[in-house]
Amino acid sequence: MKEKGEIVLNKKPFYTFLLATAFAGTLAACNSDTGGSGEGTDGGEAVEGGNVNLGMMSPPDNLFNPIFYTSMYDSHILEITHEGLVQQDEEFNFIPELAEDWEFSDDNRELTYFLREDVKWHDGEDFTADDVVFTFTAMADPDYAGAGGIRQNYVNTLAGYEDYVSGESDTFAGVEKIDDYTVKFIFEEPSVKALADTSMDIIPEHIFGDVPVADIPSHAGSINAGEVIGTGPFQLTEMLENEQYVLTANEDYYKGAPKLDTITWNVVSASVVAGMLEQGELDYVPRDFPAADVDTIDGNDNLTVFEQAQLGYQYLGMKINHGPNDSLTNPDSWEPNEKLQDVELRQAIVHAINRQEFIDGFLRGHGELLDAPFPSASWAYNPDAVEGLAYDPDLAKQKLADAGYEDVNGDGFVEDPDGNELVLNLDYPTGNPVREQVAPVMKEQLEAVGIQVNLNTPREAPAHFEIIEQNDTDVDLFLAGWSLSSGDPDPWPINGGTAGYNYSRFLDEEQEKLLQEAVNPELAFDNQEFRAEKYGEWAQLFIDNAYTVPLYAETELHVYNKRLAGLTIKPFTFKDETHEWHLTE
């Protein structure tokens, strides 16, 4: 999930019939005997009701609709207010959520879900198969992409997708209501990701059914507190835009009324979260507590630190071509960024960046170096599969010289092979303190080998990613984050030529072929070894083409007050079973 990610996110697990079983997480608990699940257990007496204050470092985009949001910060709210048919346990196995059971047909082309019959939406309406059919049909709608939708990968393997999205058919054959509590998904062919691709959080048909898909993102049910309707344990009821978001307990939640009255998300600066935790102004800073501040809270008996490897990573993207998001289905309409067409220049950029310096300095060692876009928490992680990312400034200078980039005027910076000035614009968002520190250092590292960089003033994450997504031709380099899906490492959603998160606008036919082979049911069904091999081959091409540089994977750092109990921190989410969260004396 991108951080704009994250995810990434959104519950976006991708399924493989041979699920990951090795999670290379590390756990470090300070002032606590917290277990591997991250459960808060201080032994104090439970307090009835109350509010928990959470801290996030960047504001949401304020688009609270599971099929349209793109920001990790919106997902912090949506994963508490909305739910999918299935979820995952700590071992990445799929388990029931809105569906109580499911079955595959003998040929594995049909997946039938049997829905719970005791689920109600926040407004009291019954949850039924109509909501499931509506959600997936909306993502296949011809107007979905133009409205900003980017989750076509949840529907484009279903039967009849091409006919429906092209307007040749008035009905979508890929999802079918059998009765009020039974729904069937029909795939064009057996899918290695069937459960994950049907795990999208559901939206209410009775709210959006009469709304044109193009208008759903601006509808009150997608943006207004009190009008965003889900099935989850809490509802978004109040918000002070970009500052505070209040989630109120859903007393009719089918798993039982939440133990808290409210959960309040606060948008705060990373520079003050440690102090706010120590003063009791925040109860929990999930995932992104600044590594530099861990030592400052060491010894505080009221706070617990929980650390684990994560599926996300930070990267440097390069705008190889320009074009808005709705051009992704037509790469022929892209406009080449002439500055970055030379692969040797891009490789020189790769070799000029000292990524280990970021981990040792800014992360205080709380991270890992990546040799491919697969963190160690993923089964696709294989540091021996690729080469070509090594920090080597001399090699960077040699590649520049070999490609005809020379310092013609003696100012210390190379001109392009035609003798024109070369200045690369680097954009980055605020909110992630390490990324904010990395940007100016990266500028220095690139300029040390002769590549002049203009470091633009950072913007808040929503504004940054709006510029990256749309056709801002001044963008050359940009910093961002991404999270692999919890069940499957398929990198297509960010690296596929027509993928919604393909911000680089890069398309390579050989890379596309390998990604397709990795999920081809005739080759890959129930064959993780084959898939890992294909992802290794793809990763080498990814490095050779040098259109994105995986920088580092931060370890997740969760810090919470010991009086907060009932937490279950999974390797891919902390927003699980929030109805069990409670305060203690």
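From a predicted model like this one, the values you see are computed outputs, not experimental measurements. Residue numbers start at 1 and run along the sequence shown.
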- If we only count heavy atoms from C-beta on, is the Asp371 to Asn382 side-chain gap below 4.5 Å? no
- Query: With distance as the sole test, does Arg531 use its side chain to make a donor-acceptor pair with the main-chain N or O of Ala518 at under 3.5 Å?
  - Reply: yes
- Item | side-chain hydrogen bond (donor to acceptor under 3.5 Å, both in side chains) partners of Glu357, counting only residues at least two apart | Asn354
- Quick one: list whatever passes salt bridge (charged side-chain N to carboxylate O under 4.0 Å, His left out) with Asp476, sequence neighbours left out. Lys339
- Any donor and acceptor pair, going by atom type alone, linking the side chain of His322 with main-chain N or O of Trp334 inside 3.5 Å? no
- Message: Check this for me, if you would: do Glu509 and Lys513 make a salt bridge, where the nitrogen-to-carboxylate-oxygen distance has to be below 4.0 angstrom?
- Response: no
- Message: Using every non-hydrogen atom in the two residues, find where Ala145 and Gln152 come nearest and quote the distance to one decimal.
- Response: CB-NE2, 3.4 Å
- So, Asp474 and Asn425: side-chain donor and acceptor under 3.5 Å apart, yes or no? no
- Query: Got a donor-acceptor contact below 3.5 angstrom from the Glu554 side chain to the His366 backbone?
  - Reply: no
- With no hydrogens and no angle check, is any side-chain donor or acceptor of Asp283 less than 3.5 Å from a backbone partner on Asn53? yes
- Any side-chain heavy atom of Glu344 within less than 4.5 Å of one from Asp402? yes
- Query: Going by atom types alone, do Gln511 and Asn545 pair a side-chain donor with an acceptor below 3.5 Å?
  - Reply: yes
- Pro60 side chain near Tyr245 side chain, heavy-atom distance below 4.5 Å: yes
- Message: Can you list everything that forms a side-chain hydrogen bond (donor to acceptor under 3.5 Å, both in side chains) with Asp360? Sequence neighbours excluded, please.
- Response: Gln356
- Query: So which heavy atom on Val475 is nearest to which on Asn337, and how close?
  - Reply: O-ND2, 3.9 Å
- Report, as yes or no, whether the 6.0 Å neighbourhood of atom CD on Glu281 holds more than 12 heavy atoms from other residues, nucleotides or ligands. yes
- Message: I'd like to know whether Val423 forms a side-chain contact (heavy atoms from CB on, under 4.5 Å) with Val453, so could you lay out the CA-CA distance, the side-chain angles of the two residues, the decisive distance to 0.1 Å, and finally the verdict.
- Response: CA-CA 5 Å; Val423 181; Val453 174; over 6 Å; no
- When rounded to the nearest 0.5 angstrom, what is the spacing between NZ in Lys575 and CG in Leu567? 13.0 Å
- Task: Output all residues satisfying side chain to side chain contact (heavy atoms under 4.5 Å, CB included) with Pro373, sequence neighbours left out; order by chain, then residue number.
- Result: Tyr313, Trp538, Phe542
- Output yes when a side-chain donor or acceptor of Tyr144 lies under 3.5 Å from a complementary backbone atom of Ile67, and no otherwise. yes
- Message: Can you confirm whether or not the ring centre of Trp482 sits under 6.0 Å from the ring centre of Tyr501?
- Response: yes
- Query: Considering all heavy atoms of both residues, which atom of Thr555 and which atom of Glu307 are nearest to each other, and what is their separation?
  - Reply: OG1-OE2, 2.8 Å
- Item | Inter-residue atom distance Gln314.CD - Leu363.CG, 0.5 Å rounding | 9.0 Å
- Only pairs at least two apart or in different chains count here, so list each salt bridge (Lys or Arg N to Asp or Glu O under 4.0 Å) that has a residue in residues 451-463. Asp427-Arg459
- Item | Gln310 and Glu556 side chains, donor-acceptor separation under 3.5 Å | no
- Note on the structure: Applying ring pair (Phe, Tyr, Trp, His ring centres under 6.0 Å) to Phe506 and not counting sequence neighbours gives Tyr547
- Query: So, Thr568 versus Glu577: side-chain donor-acceptor pair below 3.5 Å or not?
  - Reply: no
- Message: For a 4.5 angstrom cut-off between non-hydrogen side-chain atoms, does Val285 reach Met57?
- Response: yes
- Please tell me if the side chains of Val267 and Asn242 come closer than 4.5 Å, counting only heavy atoms from C-beta onward. no
- Message: Within the structure provided, determine whether Met318 and Leu424 are in side-chain contact (heavy-atom separation under 4.5 Å).
- Response: no
- Cut-off 3.5 Å, side chains only: do Asn300 and Asp298 have a donor facing an acceptor? no
- Query: Between Val52 and Leu54, what is the shortest heavy-atom contact and its length?
  - Reply: CG1-CD2, 3.6 Å
- Query: So, for Pro462 and Pro59, which heavy atoms are closest and what is the spacing to 0.1 Å?
  - Reply: CG-O, 3.7 Å
- Heavy-atom donor-acceptor pair, Asn561 side chain to Leu564 backbone, under 3.5 Å: no
- Task: Sequence neighbours left out, what passes salt bridge (charged side-chain N to carboxylate O under 4.0 Å, His left out) with Asp576? Give chain and number order.
- Result: Lys570
- Message: Considering only residues two or more places apart or on different chains, which pairs with a residue in residues 389-400 satisfy salt bridge (Lys or Arg N to Asp or Glu O under 4.0 Å)?
- Response: none
- Min side-chain heavy-atom separation Ile320-Arg505 under 4.5 Å: no
- Main-chain N/O of Pro336 paired to Gln341 side chain as donor or acceptor, under 3.5 Å: no
- Check the pair Phe574 / His76 against ring-ring contact (aromatic ring centres under 6.0 Å, His included), numbers first and verdict last. CA-CA 9 Å; Phe574 59 91; His76 282 344; 5.6 Å; yes
- Query: Does some side-chain heavy atom of Tyr315 sit less than 4.5 Å from a side-chain heavy atom of Phe478?
  - Reply: yes
- Determine, step by step, whether Phe289 and Val294 satisfy the side-chain contact (heavy atoms from CB on, under 4.5 Å) criterion, reporting the C-alpha distance in whole Å, the side-chain angles of both residues, the deciding distance to 0.1 Å, and the verdict. CA-CA 8 Å; Phe289 184 82; Val294 171; 4.2 Å; yes
- Query: Any donor and acceptor pair, going by atom type alone, linking the side chain of Asp74 with main-chain N or O of Leu63 inside 3.5 Å?
  - Reply: yes
- Message: Applying side-chain hydrogen bond (donor to acceptor under 3.5 Å, both in side chains), can you list everything that pairs with Thr573, at least two apart in sequence or on another chain?
- Response: Glu79
- Residues two or more places apart in sequence or in another chain: which of them pass side-chain hydrogen bond (donor to acceptor under 3.5 Å, both in side chains) with Glu517? Lys534
- Message: Run the salt bridge (charged side-chain N to carboxylate O under 4.0 Å, His left out) test against Glu421 and tell me which residues pass, sequence neighbours left out.
- Response: none
- Query: Looking just at side-chain N and O atoms, do Tyr284 and His558 make a donor-acceptor pair shorter than 3.5 Å?
  - Reply: yes
- Spell out, as yes or no, whether a donor-acceptor pair under 3.5 Å connects the side chain of Arg346 to the backbone of Ala546. yes
- Within the distance-only criterion (no hydrogens, no angle test), does the side chain of Asn266 pair as donor or acceptor with the backbone N or O of Val268 below 3.5 angstrom? no
- With sequence neighbours excluded, residues passing ring pair (Phe, Tyr, Trp, His ring centres under 6.0 Å) with Tyr535: Phe374
- Message: Show, in sequence, the C-alpha distance, side-chain angles and deciding distance for Asn502 and Leu507, and conclude whether the side-chain contact (heavy atoms from CB on, under 4.5 Å) test is met.
- Response: CA-CA 9 Å; Asn502 178 17; Leu507 173 62; 5.7 Å; no
- Indicate the atoms forming the closest heavy-atom contact of Ala372 with Val386, along with that distance. CB-CG2, 4.2 Å
- side-chain contact (heavy atoms from CB on, under 4.5 Å) between Thr473 and Lys319, worked out: CA-CA 9 Å; Thr473 56; Lys319 276 282 189 179; over 6 Å; no
- Note on the structure: CG of Leu479 to CE of Met442, rounded to nearest 0.5 Å, is 5.0 Å
